[in-house]
Each structure stands twice: as C-alpha cells, then as structure tokens.
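Structure, as structure tokens:
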Number of protein chains: 2
Amino acid sequence: MSRETIICTVDVVLLSLKDAALHVALLRREHEPFAGALALPGGYVRADEDEDTESAAARILFEKTAIVSPYLEQLATFSGRARDPRGWSISVAYYALVPASLLELEHHPEIQLLAVDPLKGLPFDHRDIVQAAVARVRSKSSYSSLPVFLCGEQFTLPQLQAVYEALLGESINKVSFRRKMDELDILEPVQGARETGRANRPAQLYRLKQAYRKLLSTTDRAINPD
Amino acid sequence: MSRETIICTVDVVLLSLKDAALHVALLRREHEPFAGALALPGGYVRADEDEDTESAAARILFEKTAIVSPYLEQLATFSGRARDPRGWSISVAYYALVPASLLELEHHPEIQLLAVDPLKGLPFDHRDIVQAAVARVRSKSSYSSLPVFLCGEQFTLPQLQAVYEALLGESINKVSFRRKMDELDILEPVQGARETGRANRPAQLYRLKQAYRKLLSTTDRAINPD
DNA sequence: GGTGTTAGTTGAGAAATGAATCTAAGTGGC
DNA sequence: GCCACTTAGATTCATTTCTCAACTAACACC
C-alpha cells in the first residue's frame, strides 16, 4: 500500500425514537477487531460500485439492516490513528432518521436499539460519532423540519410536538409550535383523515408536503447543516 | 490497487474579506490535470505523517501558502466519479477564515484572491466546494461568532458589524447587533485601547476573549455546524 | 471655540412570544 | 338520549423582545 493510499469506510448512525427517547441502531460485529461487540453498521467504500459515499452509506445500511431511510445526511468524516487498533483509518459518517415503526423488532431481530443518552461501551470511536449525530439532530431540531422524519407517513400535530419535545428535552408552547409549523409551510392536512381509536376528540392527520418528501441532494444538506 | 483502497485528498477553502466581499484564495496548479488553472489548495492525506485529516489540511495549507489559519473547520466530504477526470476520488474539504491582513499580496504573491460571488471556471468540483463553504459561513454568521475570525486581532464594534453585514448581505440594526454581541459574551474591551487616526470620536477596540481564541477540537465544531 | 463626523445610549412604539382560557369534537357512563 | 370526561385546536391578552429614531459623547479640524 503506497503511502497515499488509504482504506476508506462509512458508518451509519441510524436514529429512531422509542419511549420518547432517541435510540441508535447497533449490530453485532462478525469480524475482528471487536467481534461480537455492538457497533454502528459500517463498511468499505467501493469505488467500483458506489456512486459516492452517500450511496455507499445507503447500500451498507440496506445490506445490513434491509432498511431504506427516508432521511440520510452526511455528518462528518472521522480519521486518525486512535480510532481503530489496526492503525490509521478514515470513515465518512452519515446519520439516518427513521420512524419507530420501521424498526419493529420482529422484522429486524439483528438490530439492537440502545438509548443514546447514557451511551457507553462502543468500539472504535463510535461513541463520538453517535454523540456527534445526536448533537446535530438536536441542534437542527430547534429550527428545522428534521424531526418529521422520526414520525411515520402521517401524524397529528400533538404527536409531532411530542417528538420535538423529546428531542429538545423541554416542553414547547402549543401556540408557538403551531405557529412555527405554519410558517415552515412544509405540512399539509390529509383531507378527511383524523386520528382514530381514542376516547376524545380526534386530531387532524398531517403529512410532509410532496416537495419535501423526496431527499434533497446530499451536498445541499451537508452544507447547510442548519 | 485493491477495490477497497482509495486515494484520499483534502482541499482547503481559504476565505477572507476584501472590499466588503468574500474572496477565496486560489493557487495555480503545477501538475495535470488542469495544470495552470486556478484551484483550491489541496493535497494527499498521508497516513504516516498526518494525525488526522484536519492536520493534513493545516499542513497542506501551510506548505502551499505559509499561512496558519486561526480558524479551520471541516466542511464536508466530496466523492464520486465525476469530480476528477482520473476517476473515482474522495476529498475531505475544510474551510479557513483569515483576516485580510494575513493575505497581503506582497507576502503571498502566489495567492490569487477571487470574489466568491460570480464564481466560475474552477476545475474539478471546486466550485461546489467553495459554494458549500460560503453557504456554511453565511449561515453560521447569523447566529454565531464566526465572523470575528475575518477581523484582525483587535477590532471595533462598527468594524465587526460591517463584517457581519458584508457576509449577510443586509444591514443590521445597531442596537440588536450590540445586544447580540453582549449576549454571546465572547468579546472583551482592550483596556485603554481605542481606534486612532480618524477625524471623529474613536471607537473602543475589542478582542476575542482568551477562551475562544484557541481552536476548539474539530469534532466539536464539525458536529454543531450551527 | 465652533462644526462636522462617528461612537455609543436611551426610550417609545411595534412585533413576537407564552400562559391561561375557551370552544369543539369525540367516547363512554348512566 | 343526555351528561361527564378528555383531548384538539382557537382565542385572548399580558409580557417580553425587537426596531427605529433621536439623543448625547468624544474626537479632529478649522
């Protein structure tokens, strides 16, 4: 290996909300180092197969979890000698947001969901990577529409507010929240659809407007992490 | 070259303010491809020499321009087949902010400063990278202390406000600006030091508080691009 | 000492925010 | 069928925050 040639990997931080707390999806490693340990899904970037690192991330996430995330964004690149016992390495980290319904245990028995808050015991620098992803998601949550990707296809405003509150760790004023959602102008009511099965007034169901449903290009989003 | 082995480079977007407009520092390429064209300073990451990609960026910036930037932050990683005629490649991009005084032409004759606003004719995907850096700087300018790194060691509040206004492209209310600076609590007046040499009331000189003068760690900043 | 120019502060009016209240729309008890 | 209960969603209004303009301050120059 020439001195300018390097092994490049990607790691994916797959986040979801469970019991009103952020959880990260981890898999048991099959190979050394750290065989048997819980770690982020990751793998090698293949210049001959992958269009770029984002498609490498999507490929690896799908190969390892069979999940196609509606939101996948580049987080940062981690490099150095300390992060892997085998020596200097580089990894482009991505983070993905999926609704809890996509991670139901019966369909994905290999995925372990771990709360991100007291997070410990991860191999490599995966704890740093997860914390970076969590910080980014929480930071963007205060002024963007990011959290809608943690909800399912359709959701009510009270549900969405609860998601924001879980991420930000504080309660939000109902009027302010609805005003902000109105300003963002990214939601549309699902005509005629209301919540069902509760013993009180059912809430209006909303969904992301079509224009925001498909992913923006990676660079657009990586650049304006806000 | 095995299929999982890749050439990894870094590119540095060195930004400064000249004539109230953002400019990017470019160098003439010595080698093919695009020999002779103006391009971002960049080079190979060397696993045997560089601690990580950030120190690679600092090393390359210094080797090519003799500049040590007080602010250097990871921007994003660009990859794919289209960005380099030689084939699939990957580059970790960093951006740096320096005061105009550090770029005076007599000391750096090899550096060409180009306004970032109508930016065209750059090789590779360097235009995308510069635009990403500019978008990031502008975006962070609205709520952070980033722009102080475009000023010199000491500066007055009216000078700093002019820098913010140049970046944001709009005028800022004087009271709001001073209130925000006060809240940020990152500046301290230089005792006894005031602006000199103008025919009116001289302004108080300020500087970044010591705690903010040294760089934070890359990951800290890359994670919270806000 | 007066004048012009820019620094920095003050205060009134406008706008945004947030807590409490009120009305609406369902279910279930009786 | 009517009433009580619960939660959705709108409204009200006090409070805070922002904005603009005017005002005072400090210097150089004439």
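Each chain gets a letter, A, B and so on, in the order the sequences are listed, and its residues count up from 1. Only a predicted model underlies this, so the values are computations on that prediction, with no experimental measurement involved.
Y71(A) places a side-chain heavy atom less than 4.5 Å from the side chain of Y95(A). Taking 4.5 Å as the limit, some side-chain heavy atom of L160(B) sits within range of a side-chain heavy atom of L187(B). A heavy-atom distance below 4.5 Å is found between the side chains of Q112(B) and L38(B). You'll find the side chain of Q159(A) reaches within 4.5 Å of the side chain of E195(A), heavy atoms only.
Proximity of residues 201-208 of chain A to DNA chain C (heavy atom under 4.0 angstrom from any strand atom) is restricted to R201(A), P202(A).
Rounded to an integer number of Å, the gap from CG of D182(B) to P of dT17(D) is 14 Å. Distance, M181(B) CE to dA7(C) P: 16 Å, rounded to whole Å. Following rounding to the nearest Å, N173(A) (CG) and dG18(C) (C1') show an atom-to-atom distance of 5 Å. The CD atom of E195(A) sits 16 Å away from the P atom of dA25(C) (whole-angstrom rounding).
Residue contacts shown for R179(A) include a base, since a base heavy atom lies under 4.0 Å away.
Note: L146(A) CG to L15(A) CG = 10.0 Å, rounded to the nearest 0.5 Å.
DNA chain C is contacted by both R194(B) and S176(A); R194(B) maps to the nucleotide lying nearer its 5′ end (nearest heavy atom per residue).
Side-chain N/O atoms of N200(B) and base N/O atoms of dA28(D) include no donor-acceptor pair closer than 3.5 Å. Side chain K174(A) to base dG18(C): no donor-acceptor pair is found below 3.5 Å.
Side-chain N or O atoms of H108(B) include none that pairs as donor or acceptor with a backbone N or O of A66(B) at under 3.5 Å.
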